[in-house]
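As the structure lists them, so they are numbered: ligands from 1, and atoms in each ligand from 1.
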Amino acid sequence: MAAQLPPLANLVRAGSQCQRVVGRRSHRLLCNTHRIQPCRFLQSAPQAASPPSTVPEFAFAFDIDGVLVRSSDPLPRAHQALSYLQSQLIPFILLTNGGGKHESERVSDLSQKLQIPLNTSMFVQSHTPFASLDEYKNKTILVVGGDADNCRHVAEKYGFTTVVTPFDILAAYPAIWPFSQHLLPYYRPFARPLPAPIDPSSPSTSLKIDAIFVYNDSRDWGLDTQIIKDILLSKSGIMGTLSPKNGKSAFPNRGYQQDGQPPLYFSNPDLLWAAKYHLPRLGQGGFREALEGVWEALTGGQRNGVKLEKVVIGKPHRPTYEFAEKRLIEHRKALLAKHGGRLGHLKRVYMVGDNPESDILGGNSYKSPYKTDWVSVLVSTGVYVEGTVPAHAPRMVVGDVWDAVRWAVAQEKWG
Ligand code: G3P
Ligand code: MG
């Protein structure tokens with residue numbers, strides 16, 4: 001019977017010895033007495049065999065917030081977990097829905113915080129895949145979110161030549177959003193002159209936005225919502241104009257976003273994330289939901305057959321896992337090149353995360369083109385609250401990142 005048990009069942013067997021096995025999943029979800037007991041391991045490291053001669057056929061993808069750090073504070077056993085893997089040449093990447101700084105900057109921050117040597121070849125942020133959108137590199141893009149103008153600098157380092165931000169527009173036209181006037185002194189030091197004026201009387205020379213990228217959590221939901229809404233209702237992305245197609249039922253989506261308006265990209269769907277505060281905080285997904293609420297009110301929304309056309313990447317979405325898997329495969333090859341040995345097929349990736357909606361759903365639903373099995377492991381140090389039933393069932397629930405590593409290497413009979 002044991003073999004075909006649903007994944008989470010191991011916990012029950014390990015934990016409460018519940019005898020009524022049939023339909024365990026539904027039984028457990030409904031039954032209050034069987035609270036999920038995270039699997040925990042002692043401090044001690046597995047008997048470390050001498051460094052292996054081959055790069056193992058398994059690897060790890062670690063989420064950051066709620067797994068390795070809480071805001072800027074490293075979590076207790078994060079260093080131990082990563083240094084053990086490095087001592088065993090077990091490959092891992094960091095796969096976060098966070099961002100807001102260039103990968104090189106974040107990697108050096110994290111290396112210092114976790115006291116672990118890391119490099120950008122093993123690091124994927126929410127907006128990292130934007131770097132490959134070459135079709136907009138010589139166009140004018142709007143970049144939203146993040147502290148000060150950090151995300152502008154990230155976009156420029158990715159090769160985008162003309163990057164405008166909502167606060168550049170506010171600094172040039174304060175009347176465009178009356179309710180952030182008090183922030184102008186804060187914005188002005190890093191606001192830049194616009195590449196073109198907003199002049200609806202001469203659309204051909206007026207500022208035109210060719211793509212909108214939300215790189216990180218908005219710091220000014222009001223301003224960012226106003227500017228994005230203005231562009232999405234404009235004609236061809238020309239600031240200060242209104243598309244005559246808006247609201248016309250003769251057109252698809254009732255004429256909205258049917259007149260050459262720029263595409264809208266979001267890098268991170270997280271509604272909630274684990275920051276310093278003891279309860280999860282609203283993330284970029286919260287801003288998007290608020291924006292979609294405004295769009296719904298402006299356009300009549302679903303009851304009018306209108307939706308907000310957008311592209312959302314980040315965990316749990318497939319493009320981010322495809323991108324991460326390629327990074328991991330390259331990183332394994334680099335490890336091999338450095339340490340020699342044989343490189344077998346990557347059979348399993350342990351996706352360790354704290355958010356069922358992003359890390360676990362993403363790990364569970366990602367079907368690898370390389371037939372690699374992504375095994376989702378949920379830690380209890382972030383968004384997921386210990387003892388509750390996660391919205392998406394992981395392969396294993398554990399206490400913290402060290403427990404995740406210990407459980408996985410035990411599964412692999414490693415060491
Ligand atoms: O803004 C970051 C947050 O949404 C989650 O980041 O590292 O837990 O994927 P992470
Ligand atoms: Mg997280």
Side-chain angles (χ1 to χ4, degrees), residues 60-75 78 81-82 92-103 105-107 109-110 113-114 118 122-130 144-147 150-151 154 213-219 221 224 265-290 312-317 319-321 323-324 327 350-364 366 374 376-386 390-392 394 397-401 404:
F60 289 80
F62 291 105
D63 172 47
I64 296 180
D65 291 302
V67 173
L68 300 174
V69 300
R70 287 287 300 239
S71 266
S72 51
D73 306 334
L75 281 163
L82 300 187
F92 65 84
I93 60 168
L94 304 189
L95 175 57
T96 176
N97 271 353
K101 285 181 181 173
H102 190 264
E103 285 69 17
E105 236 181 291
R106 264 317 288 278
V107 158
D109 284 359
L110 272 169
K113 269 199 204 106
L114 297 170
L118 300 168
M122 55 201 292
F123 193 72
V124 179
Q125 299 191 105
S126 62
H127 45 67
T128 307
F130 287 164
V144 176
D147 284 328
N150 289 353
C151 289
V154 175
F213 292 97
V214 181
Y215 264 60
N216 192 242
D217 305 74
S218 164
R219 274 32 174 199
W221 288 29
D224 296 344
Y265 291 89
F266 290 91
S267 68
N268 169 8
D270 288 353
L271 182 61
L272 298 172
W273 70 295
K276 215 187 258 317
Y277 192 66
H278 65 285
L279 297 173
R281 302 293 81 188
L282 285 172
Q284 192 185 129
F287 168 67
R288 179 174 49 75
E289 292 293 345
V312 183
I313 66 168
K315 299 170 288 182
H317 299 299
T320 291
Y321 282 85
F323 190 95
R327 272 276 145 108
Y350 292 91
M351 172 71 231
V352 182
D354 70 304
N355 189 332
E357 298 293 347
S358 55
D359 307 306
I360 305 308
L361 175 58
N364 290 354
Y366 179 61
W374 282 65
S376 59
V377 184
L378 181 61
V379 299
S380 313
T381 48
V383 169
Y384 167 68
V385 177
E386 187 173 332
H392 303 284
V397 179
V398 296
D400 68 5
V401 64

If you define the side chain from C-beta out and look only at heavy atoms, does anything of Leu110 sit under 4.5 Å from Phe123? yes
Would Asp354 count as a contact for the Mg ion (ligand 2), in the sense that one of its N, O or S atoms lies under 2.8 Å from it? yes
Between Val379 and Tyr384, the two heavy atoms sitting closest are O-CD2, 3.6 Å
Strictly under 2.8 Å, is the Mg ion (ligand 2) approached by any N, O or S atom of Asp359? no
Exercise: do Asn364 and Ser376 side chains pair donor with acceptor under 3.5 Å: yes
If we only consider heavy atoms of Asn355, is any one of them less than 4.0 Å away from an atom in ligand 1? no
Residue, atom name and distance, where the atom is the protein heavy atom closest to atom 6 (O) of ligand 1: Asp65 OD2, 3.1 Å
Among all protein heavy atoms in this structure, tell me which lies nearest to atom 1 (O) of ligand 1, with the distance rounded to 0.1 Å. Asp217 OD1, 3.3 Å
Could you tell me the residue and atom name of the protein heavy atom closest to atom 8 (O) of ligand 1, and the distance to it rounded to 0.1 Å? Asp63 OD1, 2.7 Å
Ligand 1 contact on Lys315 by region, counting heavy-atom pairs under 4.0 Å: side chain
Quick one: does Val377's side chain get under 4.5 Å of Phe60's, heavy atoms only? no
Quick check: Asn216 and ligand 1, any N/O pair under 3.5 Å apart? no
Have a look at ligand 1 and work out which part of Val67, if any, has a heavy atom under 4.0 Å from it: side chain, backbone, both or neither. neither
Please identify which atoms of ligand 1 are closer than 4.0 Å to at least one heavy atom of Ile64. 7 (O)
With rounding to 10 degrees, Asp63 OD2, the Mg ion (ligand 2) and Asp65 O define an angle of 90°
For ligand 1, which atoms, with element, lie under 4.0 Å from some heavy atom of Gly98? 1 (O), 2 (C), 6 (O)
Tell me: protein heavy atom nearest atom 7 (O) of ligand 1, and distance? Thr96 OG1, 2.5 Å
Is a side-chain donor or acceptor of Gln125 paired with a backbone partner of Lys101 at a separation under 3.5 angstrom? yes
Roughly how far, to the nearest 0.5 Å, is the CG atom of Asp359 from the CG atom of Asp63? 4.0 Å
Looking only at heavy atoms, the pair that brings Pro74 and Lys113 closest together is CG-O, 3.6 Å
Side chains of Asn268 and Ser126 only: does a donor on one sit below 3.5 Å from an acceptor on the other? no
Identify the two heavy atoms, one from Tyr265 and one from Phe213, that lie closest to each other, and give their separation to 0.1 Å. CD1-CE2, 3.4 Å
Got the closest protein heavy atom to atom 5 (C) of ligand 1, with its distance? Asp270 OD2, 3.3 Å
